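Side-chain atoms are counted along with the backbone in the values below, which use heavy atoms only and exclude waters and symmetry mates. All values derive from a computational prediction rather than experimental measurement. All chains are named by letter (A, B, ...) in the order of the sequence lines, taking the proteins before the strands, and each is independently numbered beginning at 1.
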There are 2 protein chains.
Amino acid sequence: MSKTTNITIKDVAQSAGCGVATASRVLNNSGPASADVRERVERAARELGFSFSAIGRALQSRRSMTVGCLVPSLANPVFAEAVQGVQAVLLGSGYQMLISCSNYDAAADDAAIEMLLAKKTDALVTTMVDPDRSPALRLAKKRGIPISLMFHDPLDGFITSYVDNFEAAKEVARQFAGLGHRRTGFLALRFSTSDRSRNRYAGFHSECRTRGLPDPVLIEIGEAEANQPDLLAAILAQHPALTAIFASNDFLAIAVQKAARLLGWRVPQDLSVVGFDGIEIGRLLEKPLATIETSPEAMGRQAASSLLTMLQGGDTVQLPALPFAFRAGATLALPNPENGDDGRGATRPSPDLPAEPHAQQG
Amino acid sequence: MSKTTNITIKDVAQSAGCGVATASRVLNNSGPASADVRERVERAARELGFSFSAIGRALQSRRSMTVGCLVPSLANPVFAEAVQGVQAVLLGSGYQMLISCSNYDAAADDAAIEMLLAKKTDALVTTMVDPDRSPALRLAKKRGIPISLMFHDPLDGFITSYVDNFEAAKEVARQFAGLGHRRTGFLALRFSTSDRSRNRYAGFHSECRTRGLPDPVLIEIGEAEANQPDLLAAILAQHPALTAIFASNDFLAIAVQKAARLLGWRVPQDLSVVGFDGIEIGRLLEKPLATIETSPEAMGRQAASSLLTMLQGGDTVQLPALPFAFRAGATLALPNPENGDDGRGATRPSPDLPAEPHAQQG
DNA sequence: TTGTAAGCGTTATCAT
DNA sequence: ATGATAACGCTTACAA
C-alpha cells in the first residue's frame, strides 16, 4: 500500500529529458516530434505507468468529457434500462457518466443538477419531477449546455426522448371499450410526481369520454400499498364495480393481480388488467401481461445520441415520439356479465376467450 | 442561449473589491474576514450566480469528491439496486458517482477502471468479471485508493460486500434433498463470467454430494435461450429426468417455468424450480417463486459505507457476509413419483402439498 | 523540432 | 484581516 505518488506529465518529461510541451505533443500526437524524443517519451510514460489526469485536462480545455445523468431511481428497471442505454451510446465516445438519483423529490432534483453543474459536466440527460420549474436546469440551459430529457413529453425549449403517453393510454381505453368494459379504473403510484402517470391518465380519461364510457376511477396509492398486496387489496375492495384496471406500470399491474387474487377475484374473468412499459418478465408469466410495450433502453440511446450530436456542435431538433405497441396478454378479456355492481365473486367461471375486439359501445 | 461566460471566484473578488483569497475564505468559511467584506463577497457571489468549479477544486485539493462505480450491467435489476444503494449512502456525503458498465466483458472492465482512475475518482466500488486479474484494479490498489467490491466472495487484499453464494446454494440442495428430489439441475447464464454463478453451482454440487444425491446437471445457456422460451424449452427437453432445477437467478427461474409450460410440464408437480436473488416480483406471482432472498441494495449500502469510512481515514476490515434467507414458494414441492426417466408428462396431478422437509436420504 | 511560459479555477502559504 | 502568489496537471501560443 505504498501510496504511489501520482505521475504527471512533468515526471515523464523529466525522465525523457525533454520539456513538458514535447511530452504532451508526443503523448497526444498533437504536434511534431523527432523519432528520437518520441521514442524516449513513450518509453518513459510506459515505464512510469503514466496516465493523463482528466482533471488537469478538464481545467485547461474547459471540457470534462463527462455527461451528467439524473433519474428518479435506479430501483425502477425502466430508468435503469434507460441509463443503460445512455451508457451504451456514451461508451465509445470517450464520455463518462456522472449519475444521480432524486428519489422522486423535486428539491433533490434541483440540488443534483446543481452538483452536476458544479462538476462541469459537458451535457445533461435527465428525468425529473418537474423539469419545467427547476432553477438549476434553467441555469444549465442558459449556460448553453446540451440537455436531453428522457420520458418527458416535449417541453418548451428542451429536447426530449419519449413515448406519447397520452396516445398510448388512449389505446388502452380503446382495448377496454372494444371488449365491452365500461367501469374502468386507473391505478397510479406517485401520481403527483410523475408527468408520465398524469399524461397516461389524461389520455385514458379522454378516450373513455370519446367512447362514451363513464370517467375512469383514479386510484392513487402510495409505496406501502404498492409493496403490500393486502393493503392494495383493501383499496381494490372499495371499487367492486370495476371490470378493468389500467395500471400505470407493469409492476403495479402484477401487484394488482395479486391483490385481486387475495379478494378472490379472478383475472381476467372478474377483472381485466393492463400495464404499461412492457417489462420482459411480463411476457414470461403464466398469464402473460397485457401491456403497452415501450423501450426505455431505446429512449436512453436516443437521448445520448442527441447529446453527442450537440456536443459535436451539430444542431439537434426534437425527434418524434418513440414507438409503442399494445401487447396482448391473458390478463385482458371480456367483462364478466355476472359482475354487476355487487355481483362480484360469482363462482361460475367464464370461458377463457382470446381477447377479441368488439364494436364500440357508443 | 447566450453562452454565459463562467463566473469564477476571480469575478466575485473583483466585483466585491477584494482579493481572491479573501473571497475564497468567505465563501468557504475557512478563515477570518471582516463583517464588511464578508457581506460584499456574499452579495457579489449571489448576484453573479457564482458556484465553485469542482474541477478547479479537485486540481488543487487532489480530491475529486467522486466515487467510481463499475457494474456488469444496469439492465440486471440486481446490479441496478446495488448501485441505488451506493448512491443512497453517497448522497449526503458530498460524493458523486461516476458510473460505468462492462456488459460482462473483462476487457471492458479493465478499460473502465482505467478511465475511472484517469478521472481521479477518490474511491472505487465495483463488480467485475475477474477482479483478481485486472491490471487496472491492481494499479488502483497500489495507489492506495479505497476499493470496495460488491457481490464477490472475499478476495486477497480487497474488501467486499457479498452474500455467501456457496452456503446459500447448499441450502437449496438441502431443500431439494429434504423433499426427496434426486435428479437435479443447475441452470446458469454467463457461467464463465460470473463467479457468483460458479460459487452457487459449487455449493449446490457440494451439498448434493454430501446428501448422497447424484451430481447436479449443469445447464449453461446463452442470452438467446434466456430470452426465448422456446429455445430454453428445447434445452430443457434434453433433461427429462430432472425433477428439480436451481436457477442461478430469479429471472431465469421464471423463464424456465415458461419453458416447462411449453413442454407441458407442470411446476411444481413435474418440475420444482428455485431461483436466486429474491426480486420483488417473485413474491407477487400467482405461483410465488421459491428463491434465495438477498438484498442487493444492502450490499451497495454496505460497500459505500466502507468506502466512506476509508475515505475519512478510518480503517475498514472485511465484514461478514450479508444475510440471505430461503424463501418458500409454490414452485417447490415433492417430486412426482410418476416422473421416471421417461415417465414425464403424466396427466395425473399430484397433490399440491406445502413444501415440508423430509429426512435426508443418505 | 523543441522548450518556456501563460492560463484554466481553486486553495494554502506567507507576507503585510 | 487581507492580498499576492505559488502550486495542482495540462495544453497551447510563442520563441528559439
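- The distance between atom CD1 of Ile7(B) and atom P of dG9(C), rounded to the nearest whole Å, is 11 Å.
- When distances run from any side-chain atom of Phe52(B) to the nucleotides dG9(D), dT10(C), dA4(D), the shortest one goes to dT10(C).
- A salt bridge is defined here as a Lys NZ or Arg NE, NH1 or NH2 lying under 4.0 Å from an Asp or Glu carboxylate O, and Glu297(A) with Arg301(A) meets this definition.
- Put simply, CG on Asp11(A) is 13 Å from C1' on dC10(D), counting in whole angstrom units.
- Atoms CG (Asp36(A)) and P (dT2(C)) sit 7 Å apart, rounded to a whole Å.
- With distances taken from any side-chain atom of Gln60(B) to the nucleotides dG3(D), dG9(D), dT10(C), the minimum falls on dT10(C).
- Atom CD of Gln14(A) is surrounded by 12 or fewer heavy atoms from other residues, nucleotides or ligands within 6.0 Å.
- When the C1' atom of dT2(D) is taken as reference, atom CZ of Arg38(B) falls 13 Å away, rounded to whole Å.
- Comparing atom distances between the Arg62(A) side chain and each of dA1(D), dG3(D), dG9(C) picks out dG9(C) as nearest.
- For Ser34(A), the side-chain atoms get nearest to dT1(C) when compared with the rest of dT1(C), dA13(D), dT10(C).
- Place Gly56(A) and Arg25(A) on DNA chain D by their nearest nucleotides, and Gly56(A) ends up nearer the 5' end.
- Closest to the side chain of Ser24(A), out of dT10(C), dT12(D), dC8(C), is dT12(D).
- For Ala21(B), whose side chain is taken as the heavy atoms from C-beta onward, the closest listed nucleotide among dG9(C), dT2(C), dG3(D) is dG3(D).
- The distance between atom CG of Asn28(A) and atom P of dA13(D), rounded to the nearest whole Å, is 14 Å.
- Whole-Å rounding puts the Lys10(B) NZ to dC8(C) P distance at 5 Å.
- Shortest non-hydrogen contact noted between Ala140(A) and Ile147(A) is CB-CD1, 4.0 Å.
- When the P atom of dC10(D) is taken as reference, atom CG of Leu59(B) falls 9 Å away, rounded to whole Å.
- Across dG3(C), dT11(D), dG9(C), the shortest atom-to-atom separation from the side chain of Ile9(A) is found for dT11(D).
- Counting non-hydrogen atoms under 4.0 angstrom, Thr8(B) reaches the backbone sugars and phosphates but no base.
- Side chain of Arg57(B) to backbone of Phe52(B): no donor-acceptor contact under 3.5 angstrom is found.
- Counting only distance, with no hydrogens or angles, the side chain of Ser148(B) and the backbone of Ala303(B) share a donor-acceptor pair below 3.5 Å.
- DNA chain D is contacted by both Val20(B) and Thr22(A); Val20(B) maps to the nucleotide lying nearer its 5′ end (nearest heavy atom per residue).
- Look at CG on Asn29(B): it is 17 Å from C1' on dA12(C), rounded to the nearest Å.
- Among dG3(C), dT2(C), dT11(D), the nucleotide with an atom closest to any side-chain atom of Arg57(A) is dT11(D).
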